[in-house]
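Numbering starts at 1 and runs along the sequence shown. Counting starts at 1 for both ligands and their atoms, in listed order.
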Amino acid sequence: MKLRGIELRRVSMPLVAPFRTSFGTQTERDVLLLRAVTDDAEGWGECVALTDPLYSPEYVDSQQDVLRRFLLPRLASPEGAAALGRSGAAAVAGALHAYKGHRMAKAAVEMAILDAELRALGRSFGRELGAVADRVPSGVSVGIHDSIPALLSAVEGYLDEGYARIKLKIEPGWDVAPVAAVRERFGGDVLLQVDANTAYTLRDARHLAKLDAFDLLLIEQPLEEEDVLGHAALARQLATPICLDESVVSAQTAAAAITLGACQIINIKPGRVGGYLEARKIHDLAAAHGVAVWCGGMVETGLGRAANIALAALPGFTLPGDVSASGRFYRTDITEPIVLVDGHVEVPTGPGLGVTPIPELLDRVTTSVEWIPF
Ligand SMILES: O=C(O)CCC(=O)N[C@@H](C(=O)O)c1ccccc1
């Protein structure tokens with residue numbers, strides 16, 4: 001593996017509708033894409049950081065900066081180049097370990113190098129990661145709405161499209177009532193879960209226990225990301241399983257959360273944990289503890305979406321992930337759109353990601369391009 005350079009490309013993608021969560025409303029995605037150019041192939045990486053540091057400490061400008069000033073020069077150094085020459089993408093995490101945090105930037109560069117490596121080998125992401133299925137059930141994330149009728153109309157639309165699982169964003173003041181309304185309208189058989197994105201505190205335990213009446217698959221990240229002990233205390237007061245998202249940033253933090261009883265389920269997002277290889281480690285760790293995992297989403301383009309679907313095909317991903325069709329968020333994706341078929345999405349089988357950006361569509365949404373030579 002001889003890396004010639006990496007392109008840092010920003011694209012601006014309008015969302016089909018505002019997407020409101022407990023930490024804000026998104027109307028477009030400002031995405032940092034990486035294109036790794038090696039002697040043998042090109043590979044694509046997607047950085048999942050948002051525009052503002054509201055989901056995690058990373059934000060897209062900070063990730064482009066840390067890549068330009070620290071991470072890419074380290075990989076371009078003689079030691080970095082030697083490590084990549086020896087081990088390819090498997091060397092990236094170790095080569096960048098000295099730099100603290102910025103896992104979304106590290107994940108993006110590992111993804112681009114892994115994609116190039118696998119395209120050169122003619123091997124798919126799914127084959128490399130250990131996929132055991134050729135399609136996976138697709139869940140959909142439903143934002144906070146202005147009214148219950150508006151929410152019910154959105155949920156009805158997604159169920160009509162065939163989505164296998166509904167995830168409702170919740171926050172104080174928008175939780176029990178919308179969940180009760182969805183259960184009332186669509187019945188008890190719909191797979192239903194909620195995501196609080198850290199919006200509650202342990203003082204809300206008795207209120208959150210009201211959600212136990214609705215047979216939810218899980219309640220996701222009710223408390224702030226560092227409150228692992230709080231989640232363990234809350235888990236003892238709720239019947240609904242607790243799933244962690246923001247709190248799990250590595251296999252190590254996953255092990256601590258599981259050991260402390262802070263979660264019974266984990267939402268694995270490769271960007272949040274530093275890459276697909278770390279994501280696989282968390283999958284393996286969780287499986288050893290009998291903890292179910294599912295693949296979360298960060299409103300990715302078709303590039304990240306394709307890689308997530310490959311990950312979601314590993315055996316421990318026993319709950320439907322946020323691996324929606326491209327059309328859930330984008331009128332026009334930069335790749336061939338990921339489509340829903342009978343509530344499932346197909347695991348790409350081509351080399352690497354199995355999808356590539358369509359040049360004219362990519363150019364239409366590109367806002368900047370920066371070349372970093374190695
Ligand atoms: O399906 C998707 O890609 C989005 C799934 C989803 O709701 N992600 C949430 C989250 O916090 O988990 C989110 C990510 C990014 C931005 C806003 C919300």
Have a look at Lys169, Gln26, Glu246 and point out the one with the heavy atom closest to atom 9 (C) of ligand 1.
->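 Considering heavy atoms of Lys169, Gln26, Glu246, the nearest to atom 9 (C) of ligand 1 sits in Lys169.
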Nearest option to atom 4 (C) of ligand 1, as decided by whichever heavy atom of Gly297, Ala325, Ala49 sits closest |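 When every heavy atom of Gly297, Ala325, Ala49 is considered, Gly297 comes closest to atom 4 (C) of ligand 1.
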Side chains of [X] and [Y] only: does a donor on one sit below 3.5 Å from an acceptor on the other?
X	Y	result
Glu28	Ser12	yes
Arg10	Ser368	no
Tyr158	Arg328	yes

Donor-acceptor pair, side chain of Arg103 and main chain of Val249, under 3.5 angstrom =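 A pair under 3.5 Å: yes.
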Any N or O of [X] closer than 3.5 Å to N or O of ligand 1:
X	value
Glu220	no
Val299	yes
Arg305	yes

Does ligand 1 have any atom sitting under 4.0 Å from a heavy atom of Lys269?
->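 Contact check Lys269 vs ligand 1: positive.
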Does at least one non-hydrogen atom of Lys167 fall below 4.0 angstrom from an atom of ligand 1?
->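 Yes, Lys167 has a heavy atom closer than 4.0 Å to ligand 1.
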Qualifying residues under ring-ring contact (aromatic ring centres under 6.0 Å, His included), relative to Tyr99, sequence neighbours excluded =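 Checked Tyr99 against ring-ring contact (aromatic ring centres under 6.0 Å, His included); matches are Phe70.
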Record the part of Asn197 in heavy-atom contact with ligand 1 below 4.0 Å; permitted values are side chain, backbone, both and neither.
->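 The side chain, only.
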Of all pairs that satisfy side chain to side chain donor-acceptor pair (under 3.5 Å), the ones with a partner from residues 163-181, not counting sequence neighbours |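 Residue pairs passing side chain to side chain donor-acceptor pair (under 3.5 Å), neighbours aside: Arg20-Glu171, Arg165-Gln193, Arg165-Asp322, Lys167-Asp195, Lys167-Glu220, Lys167-Asp322, Lys169-Asp195, Lys169-Asn197, Asp175-Tyr200, Asp175-His207.
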